[in-house]
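Here's the structure, in structure tokens; my notes come after.
Atoms within each ligand, like the ligands themselves, are counted from 1 in listed order. Please read these numbers as outputs of a predicted model, since none were measured by experiment.
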Amino acid sequence: MLPLDDARSHVLGRVAPARPRPVALADAAGLVLADAVVANETVPPFDNTAMDGFAVVAADTDGAPVTLQVIGTVAAGAAATTVMASGQAMRIMTGAPMPPGADAVVMVERTIYDEGAGSVVVEIEVPTGNHVRGAGEDIKPGHELYPAGTQLTAGHLGVLASVGVRAVDVIPRPVVGVVSTGDELVDDGSRLAPGQIRDSNRRTLLTLLEESGFTAVDLGLARDDEAEIEKVFRDGADRCDAVLSSGGVSMGAFDYVKVVLDRIGDMRWMQIAIKPAKPFAFGLIGDVPVFGLPGNPVSSMVSYELFARPALRLMAGMRHPQPPTLRAISADPLGRHDDGKIHFLRVEGGPDETGRWTVHKLGGQGSHQLTSMAQATALAVVPDGVDIGAGDEVGIIPLGTLGT
Ligand code: AMP
Ligand code: MG
């Protein structure tokens, strides 16, 4: 059996980030920058007020209260053209540009405005620059905003919008095809004939891909038939950046997936020292990565988390493709027998108000028992030879969080 880390390194070593392309800011959320972005503009673009109040000459407020002559109003969006002199003030609204000559703002709450008299009493002394947001305080032209490799979040996109960037060069989201294989599978809602089961893997895998921020393509169901399997894999490799299949990678007698992929691809067939998801195949058809996930429903999901998701994240340009392992307290004993494998147990739980996770072991840990996988909020990682008692710490991989 191949150690998990070796299998994962093998896979990650054979995939690479996709070719960059420009996308509009509106389509860039979650994508990774291919190049650094440098600001061409100044933010704020001009000196402006952080408060509603009165623009003043700071020195005029010495010995406040003082009365100043109000010579006009500047609203946000207006150009400040009136030049102010000592003894004068202007009403000013948050975001409005500072009038030339003014160097401070007194908040409206510390003033008494007499509209009829055209004057204002300023109650407090203010220093130069009071409540003034200086031009370029946040961003100056030529400043490198974000390096290549940054995954764009709402805040990043807001900053890019603030400097007038309308498109960015990013690593595109991988387009990933999903095919189920097996003669026993039914996907059309018809009554099950003896020996048949319904295809669930395609639904889970397509959904996992979409949840991870990739673009999922349904390649359908292929019978255990060489020609049909070849057609679906070739079609997938033509249309997609990667293909996920489930089924046909274990030791079964009618597993044509192996026959076909060995003929049209460059594959490695692995038995990995983990439970579930021991059988796994990975390779390339041309330059398109193919992930041969095991057919058992839980195994296909675990295999996705351990191999496919990190590899697809790497293809999407992410610098840290591996899932994080958090520490949790196991409320239940996670005893296991020694079999040379790392066991991934389905557990339910979450963080308390201090952020500390406590997890409970779920019943029904068979690799065909998908209900416990649906209920699980994490996989507990229990290495060979480790005996975890109730109240002990255990490593967990959180599941089901939206986003890559
Ligand atoms: P295989 O990897 O093809 O040997 O399949 C292992 C087990 O997973 C068998 O019990 C299959 O019936 C089951 N299985 C394979 N593909 C699917 C699928 N798409 N949905 C649900 N179960 C599946
Ligand atoms: Mg099969």
Distance-only polar pair, side chains of Ser180 and Asp199, donor-acceptor under 3.5 Å: yes
Between Asp60 and Ser86, does any side-chain donor sit less than 3.5 Å from a side-chain acceptor? yes
Quick one: ligand 1 N/O to protein N/O pairs below 3.5 Å?
| unit_1 | atom_1 | unit_2 | atom_2 | d |
| --- | --- | --- | --- | --- |
| ligand 1 | 2 (O) | Gly248 | N | 3.4 |
| ligand 1 | 2 (O) | Gly295 | N | 3.0 |
| ligand 1 | 3 (O) | Gly248 | N | 2.8 |
| ligand 1 | 4 (O) | Ser250 | OG | 2.9 |
| ligand 1 | 8 (O) | Gly295 | O | 3.2 |
| ligand 1 | 8 (O) | Asn296 | N | 3.1 |
| ligand 1 | 12 (O) | Glu184 | OE2 | 2.6 |
| ligand 1 | 14 (N) | Gly295 | O | 3.2 |
| ligand 1 | 19 (N) | Ser180 | OG | 3.4 |
| ligand 1 | 19 (N) | Asp199 | OD1 | 2.8 |
| ligand 1 | 19 (N) | Asn201 | ND2 | 3.4 |
| ligand 1 | 20 (N) | Ser200 | N | 3.1 |
| ligand 1 | 20 (N) | Asn201 | N | 3.4 |

Do any side-chain atoms of residues 152-160 form donor-acceptor pairs under 3.5 angstrom with protein atoms, and if so which ones, sequence neighbours left out?
| unit_1 | atom_1 | unit_2 | atom_2 | d |
| --- | --- | --- | --- | --- |
| Thr153 | OG1 | His156 | ND1 | 3.0 |
| His156 | ND1 | Gln151 | O | 3.3 |
| His156 | ND1 | Thr153 | N | 3.0 |

Stepwise ring-ring contact (aromatic ring centres under 6.0 Å, His included) test for Phe307 and Phe280: CA-CA 9 Å; Phe307 304 109; Phe280 172 63; 4.4 Å; yes
Donor-acceptor contacts under 3.5 Å from residues 379-391 side chains, at least two apart:
| unit_1 | atom_1 | unit_2 | atom_2 | d |
| --- | --- | --- | --- | --- |
| Asp384 | OD1 | Arg336 | NH2 | 2.7 |
| Asp384 | OD1 | Asp339 | N | 3.0 |
| Asp384 | OD1 | Gly340 | N | 3.2 |
| Asp384 | OD2 | Gly340 | N | 3.0 |

Pairs where residues 186-196 contributes a residue and the test side chain to side chain donor-acceptor pair (under 3.5 Å) is met, not counting sequence neighbours: Asp187-Arg202, Asp188-Ser190
